[in-house]
2 protein chains.
Amino acid sequence: MTDLRQRPGAAGLFTGLSAFPLTPLRDDTRLRDDAVDEAALAGLVERLVDAGVDSVTALGSTGSYAYLTGAERARVARLAVEHADGVPVFVGVGDLRTSRVLAHVEGAETAGAAGILLAPMTYQPLTDDDVFELFRTVTEHTELPVIVYDNPGTTRFGFTVDLYARIAQLPGIASIKIPGVPADPAQARDRVAAIRAAVGEHVTIGVSGDAFAATGLNAGCDAWYSVVGGTLPSPALTITRAAQEGRAADAAAESDRLAPLWELFAECGGSLRVVAAVAEHLGLAPHRCLPLPIQGLDDAQRTAVAEVVDELALG
Amino acid sequence: MTDLRQRPGAAGLFTGLSAFPLTPLRDDTRLRDDAVDEAALAGLVERLVDAGVDSVTALGSTGSYAYLTGAERARVARLAVEHADGVPVFVGVGDLRTSRVLAHVEGAETAGAAGILLAPMTYQPLTDDDVFELFRTVTEHTELPVIVYDNPGTTRFGFTVDLYARIAQLPGIASIKIPGVPADPAQARDRVAAIRAAVGEHVTIGVSGDAFAATGLNAGCDAWYSVVGGTLPSPALTITRAAQEGRAADAAAESDRLAPLWELFAECGGSLRVVAAVAEHLGLAPHRCLPLPIQGLDDAQRTAVAEVVDELALG
């Protein structure tokens, strides 16, 4: 296995566990005023910092960035930095329109973000050149380092490794958040090595798709951009530290222990609805904290989530 | 063939040619202030009314609704109604978040819209129940009639006929905009008949996907929700009036004449980029009028578009 700590850049900002907190909403007035629950958000960020995560990524997909106004996003970014106690905060700035992305970048800069996370959101499908120019424009407009956010399940834009390589040459590109790795460890190592060869040593590679994280870290990924780590940081840190210290079997064992959670992700249409239900079960977020029209889990699913949280002692 | 004029409801508001104008943007300051070109928008709407379209749908996908702020959308809706000279204007109100949709509905009401068009935009994939509840909420909050907008190429949400039927039972549902029909006329009739049986006679069916329009209208669709009709209303009206008058062969012949345009749609990643290039070629919109990151066609594609427009005398 690669010793990540000996690779140039691997000890930097965009390594280890980056935890993605929810942005809980609270609806007091039947939809006319669904607003960010600022106290719940602050509590989630403080929980992550107390647990010892390496960074916090506010306004990731888990943080519902795509659903929030510019003013809400600027406020969430400020709150996250204020409550992070010096731990680096990355801020998601994606939007459908480039001029809006630039406005969100300004909000992140003002808040004191340590980096920005940019996904190519789509309504009209985008070409590779559209996406390259988006990243070029953003890197021209900010000094903040940029995480390239590849999340085809939400953006419906599929990056090729060639496009990773083109974008990685732009100034300020610091990391790539990949959507997952093959389940087979050898294939996962080949995949990470191929991306590394394409993007260069100056760009870290972060795995997402929580069920793939131990495999991805063991295969040489520098970081884990983690949904589950934003609500349940302790088991995510157990996996991350084991992989970083070369204890691949320990990382895999902790991931295997969480298999009932990964199964719920698969059964319930992805990680977001499940993690929101976990946070609600643990009293970390108000009931039905996701932005409508996302209704979240039904009662039977919530019961299943609560049982897994309690049985695995995840709270 | 069904005589559309003898079906209950078929002579109503949600029939015939509904033309979808672009919302042209103009970028005077390198992205920091890309703004709606209000004069160009007004000119496009007046062009449609002068041609005799049955309705104008502002802020459809062609009108880039998904890219615009609430304030921009309210302004576009007002301008469209002001320049429509009494022709009914429908207004797209889709957004990722239900509370934002309701704000856009208010903007449409204030503008004097005759109806609203609602697509279930997605970032996180939505369930059928999420989408049903979105439509339920919106119909509870407005007296305006609602067009259900099924456009999986942009929203990535796929409606089933069963979901059409559930939503059609909500108060105020007036029409369904379907993404296309099978190319075979008999299969197209079967498809339209199956949807009609599911949604009931009180809901009109409008075809979109311009290349399918003649087949769809000949197969019994009540309306054509038309991209090309928003910039080139004359040939769209030729097709629509022929189909409405039972001259199916004439409708098909005019659609066949436009085949080079449909081929450009297929080659250039959809209708929007091509229609924007047509409008720019004809001086109806400023150069590069689409919201970035959508760059629009390259120079070679623009030349091909101009040749088709000139050869077919579409200007």
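Side chains are part of it too, since the values below use all heavy atoms of this structure and drop only hydrogens, waters and symmetry mates. Lettering of chains follows the sequences in order, A, B, ..., and the numbering in each one begins at 1. Computed from a predicted model, the values in this text were never measured in an experiment.
With contacts defined as side-chain heavy-atom distances shorter than 4.5 Å, the pair Asp34(B)/Arg97(A) qualifies.
Of the residues considered (Met121(B), Arg100(B), Arg273(B)), Arg273(B) shows the highest number of contacts with chain A, using heavy-atom pairs under 4.5 Å. With respect to chain A, the highest number of heavy-atom pairs below 4.5 Å among Gly70(B), Gly270(B), Pro125(B), Pro120(B) belongs to Pro125(B). With respect to chain A, the highest number of heavy-atom pairs below 4.5 Å among Pro293(B), Gly296(B), Pro291(B) belongs to Pro293(B). Here Ala66(A) is the residue among Gly269(A), Ala66(A), Ser64(A) with the most heavy-atom pairs under 4.5 Å with chain B.
Going from atom OH of Tyr123(A) over to atom CG of Leu96(B) covers 10.0 Å, rounded to the nearest 0.5 Å.
Tyr65(A) touches chain B through its side chain: at least one heavy atom from C-beta onward sits under 4.5 Å away, while N, CA, C and O do not. If you measure heavy-atom distances from Leu126(B) to chain A, the contacts under 4.5 Å come from both the backbone and the side chain. Both the backbone and the side chain of Ile294(A) have a heavy atom closer than 4.5 Å to some heavy atom of chain B. When heavy atoms are compared at a cutoff of 4.5 Å, Asp95(A) does not approach chain B at all. Heavy-atom distances place both the backbone and the side chain of Leu68(A) under 4.5 Å from chain B. In this structure, the portion of Glu133(B) lying under 4.5 Å from any heavy atom of chain A is its side chain and not its backbone.
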### Task
In sequence, state the C-alpha distance, the side-chain angles, and the governing distance for Leu134(B) and Leu292(A), and then conclude on side chain to side chain contact (heavy atoms under 4.5 Å, CB included).
CA-CA 8 Å; Leu134(B) 169 65; Leu292(A) 287 170; over 6 Å; no
